[in-house]
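Just so it is clear: chains get the letters A, B, ... in the order the sequence lines come, proteins before strands, and each one is counted from 1.
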Amino acid sequence: MDEVNEHKKLKVAFFGTSDRSIPILEKLNETFELVLCVTKNDVKVGRHQKLKETEVKKWAKTNNVKYVTISGLKGTDLEKVIEQLNNSNVDFVLVADFSFIIPAPLIETFPKKLINIHFSLLPKYRGASPVQHAILNGDSITGITIHLVEKRMDSGDILHQIGYKMAGNETSGTLYDLLFKLAAENITEVLERYSQGQITQIPQDEDSATYTYSPTQPQSTFIFKEDAEIKWKSPADVIERKIRAYNPWPIAWTLAEYLEKNPKLSGRNFILRSNINKESKIRIHSAELDDQNKLKIRTLQPEGRNKINWEEFENGYVLPVIQEPKGLKDKLLNRDKTD
RNA sequence: CGCGGGGUGGAGGAAUGGCACCUCGUCAGGCUCAUAAUCUGAAGGUCCCGGUUCGAAUCCGGGCCCCGCAA
């Protein structure tokens with residue numbers, strides 16, 4: 001019986017670069033014959049620009065799965081990938097959080113065999129930052145979509161969708177973790193059913209498609225550092241969502257001076273001590289809303305410093321503004337005059 | 001050796017060659033029905049090694065560690 005199953009095992013390839021891919025790889029490897037991993041070349045990383053291999057490559061090495069690393073899906077890299085896929089007689093290619101756009105030649109060579117996991121309920125939030133946008137917009141539900149890869153970004157027919165009810169305190173980091181886990185739990189079943197022709201493909205409704213364009217670079221769906229600047233004119237809840245959406249990267253930030261006497265902030269008014277440059281950036285790692293709907297910063301990070309919590313910030317960088325009773329100031333001024 | 005910033009009691013920060021200081025915390029005591037409130041007092045510190053100097057947190061050399069940029 002085992003032997004029969006061996007023969008029927010689907011041959012699957014995986015394209016991905018994210019560190020979070022490992023649970024998916026484990027599942028694929030358990031259930032199918034994982035014939036190939038395609039991931040990014042080693043990248044220079046960290047302060048000393050050391051070469052680092054992706055987690056996918058590391059995993060493939062330790063699990064004796066064949067892998068190919070590429071710098072982009074074109075030219076000789078693309079030829080290499082297509083050749084390897086052909087050699088291994090692949091049934092499906094699963095793409096998840098890959099750094100590269102799947103080019104037309106690859107889609108044409110393996111029609112209906114390229115399957116992508118997208119981290120939103122398509123056709124909402126097509127593009128590179130669906131999770132961040134779900135948080136930014138304060139959605140109460142998001143999820144994952146398993147769909148066929150077409151030439152247009154995230155536009156192919158839907159095989160399966162799984163919703164996820166948001167608690168309202170997710171960061172992009174924690175939400176990505178949850179959604180990857182959800183994907184890992186479901187991907188093998190979807191692939192199996194698809195291979196047996198049990199899935200009805202659902203075309204996406206183009207009219208309701210939305211994209212995750214960057215506010216500062218509207219031609220791109222990626223996240224940029226400038227996107228993460230806090231606009232204090234925004235309502236406090238919008239700012240709070242922004243802080244969660246841009247964690248763990250790039251982290252929401254503001255110029256230090258904007259924290260002074262800021263009516264949107266919870267607690268006492270203050271001015272900055274002279275030991276901090278008012279034009280330096282302060283990164284806001286986490287915050288919440290207090291009962292008056294004001295922003296209560298939890299952890300933050302001045303330039304060149306470690307991340308600290310709000311109490312530590314007050315101890316080291318802040319002078320409270322004493323709120324004088326109305327009229328007292330005039331009284332004092334008048335007294336000075338009469339003296 | 002990719003580029004820049006930094007390392008000061010338990011935490012966060014001042015002090016640029018001359019008595020190591022501030023806020024918070026800790027401990028003891030006072031006040032209090034009580035307290036995270038308040039008052040008094042105390043303990044505890046310059047990342048490591050070497051150099052310059054009458055004198056180094058501060059200047060110089062080496063090391064370790066942290067942060068940002070970059071990817």
Revision key, fill the gap. Of the candidates B:G13, B:A71, B:U23, the side chain of A:Y317 sits closest to B:G13
Point to revise | Pairing partner (Watson-Crick or G-U wobble, both distances under 3.5 angstrom) of B:G44 | key: none
**Study point:** Nearest-0.5 Å distance, CD1 of residue A:I187 to CG of residue A:L25
**Key:** 11.5 Å
Review point. If you measure from the C1' atom in B:A56 to the same atom in B:G18, how many Å do you get, rounded?
Key: 10 Å
Practice item. Side chain of A:W249 only, please: which of B:A71, B:G13, B:C67 is the nearest? Key: B:A71
**Study point:** Between B:G63 and B:A57 - P atom distance, rounded Å
**Key:** 22 Å
Check your understanding: Relative to each other, are the rings of A:F100 and A:F98 parallel, tilted or perpendicular (30° and 60° limits)?
Key -> perpendicular
Review point. Within a reach of under 6.0 Å around NZ of A:K66, are more than 12 heavy atoms found that belong to other residues, nucleotides or ligands?
Key: no
**Study point:** Nearest-Å distance once atom C1' is located in both B:A70 and B:U16
**Key:** 32 Å
Check your understanding: The side chain of A:R47 lies closest to which of these nucleotides: B:A11, B:G2, B:G13?
Key -> B:G2
Review point. Taking for each residue the nucleotide of RNA chain B bearing the nearest heavy atom, is the 5' side occupied by A:R283 or by A:R273?
Key: A:R273
Exercise for review: Give the nucleotide from the list B:G12, B:A71, B:G6 with an atom nearest to the side chain of A:R305.
Suggested key: B:G6
Practice item. Select from A:E314 and A:I276 the residue whose nearest nucleotide in RNA chain B is closer to the 5' end of that strand. Key: A:I276
**Study point:** For B:G4, the Watson-Crick or wobble counterpart (both distances under 3.5 Å)
**Key:** B:C67
**Study point:** Rounded distance (Å) that lies between atom P of B:G9 and atom CG of A:N315
**Key:** 15 Å
Exercise for review: Provide the distance between the two P atoms, one in B:U58 and one in B:G9, to the nearest whole Å.
Suggested key: 14 Å
Point to revise | Identified side chain to side chain donor-acceptor pair (under 3.5 Å) partner of A:Y125 from the options A:T145, A:D139, A:D154, A:T221 | key: A:D139
Review point. Reckon A:V43 touches a base, only the sugar-phosphate, or nothing at all at heavy-atom distances under 4.0 Å?
Key: sugar-phosphate
Point to revise | Rounded distance in Å - NE2 (A:H48) to P (B:C69) | key: 15 Å
Review point. Between the base of B:A70 and the side chain of A:Q49, is there a donor-acceptor distance below 3.5 Å?
Key: yes
**Study point:** Spacing of A:R298 atom CZ relative to B:A11 atom P, expressed in whole Å
**Key:** 21 Å
Check your understanding: For the pair made of CD1 in A:I308 and C1' in B:G10, what is the distance, rounded to whole Å?
Key -> 16 Å
Practice item. Any strand is fair game: report the nucleotide pairing with B:G12 by Watson-Crick or G-U wobble, both distances under 3.5 Å, or none. Key: B:C22
Point to revise | Length of the CZ-P vector between A:F270 and B:U23, whole Å | key: 19 Å
**Study point:** Euclidean distance, atom CD of residue A:Q301 to atom P of B:G5 [Å, nearest integer]
**Key:** 17 Å
Point to revise | Rounded distance [0.5 Å steps], CD1 in A:I162 versus CG in A:L121 | key: 9.5 Å
Point to revise | Gap in Å between the two P atoms, one belonging to B:A36 and one to B:C24, rounded | key: 15 Å
Check your understanding: Using the P atom in both, what is the distance from B:G55 to B:G50, to the nearest Å?
Key -> 16 Å
Point to revise | Watson-Crick/G-U partner (both atom distances under 3.5 Å) of B:U32 | key: none
Revision key, fill the gap. A:I282 atom CD1 is separated from B:G13 atom P, nearest whole Å, by 10 Å
Review point. When the ring planes of A:F270 and A:F313 are compared, do they come out parallel, tilted or perpendicular, using 30° and 60° as the limits?
Key: perpendicular
Practice item. Could you give the distance separating B:C31 and B:U23 at their C1' atoms, to the nearest angstrom? Key: 24 Å
Point to revise | Atom P, compared across B:G44 and B:G10: separation rounded to whole Å | key: 11 Å
Practice item. Check whether any side-chain nitrogen or oxygen of A:N275 sits under 4.0 Å from OP1 or OP2 of B:G13, and answer yes or no. Key: no
Exercise for review: Could you tell me whether the phosphate oxygens of B:C69, OP1 or OP2, come under 4.0 Å of any side-chain nitrogen or oxygen in A:K225?
Suggested key: yes
Review point. Where the side chain of A:D227 meets the backbone of A:S214, is there a donor-acceptor pair that is under 3.5 Å apart?
Key: no
Check your understanding: Could you state the CZ-P distance from A:R268 to B:U23, rounded to the nearest angstrom?
Key -> 15 Å
Point to revise | Watson-Crick or G-U counterpart of B:C59, or none if no pair lies under 3.5 Å | key: B:G51
Review point. Counting only Watson-Crick or G-U wobble pairs whose two distances fall under 3.5 Å, which nucleotide matches B:A37?
Key: none
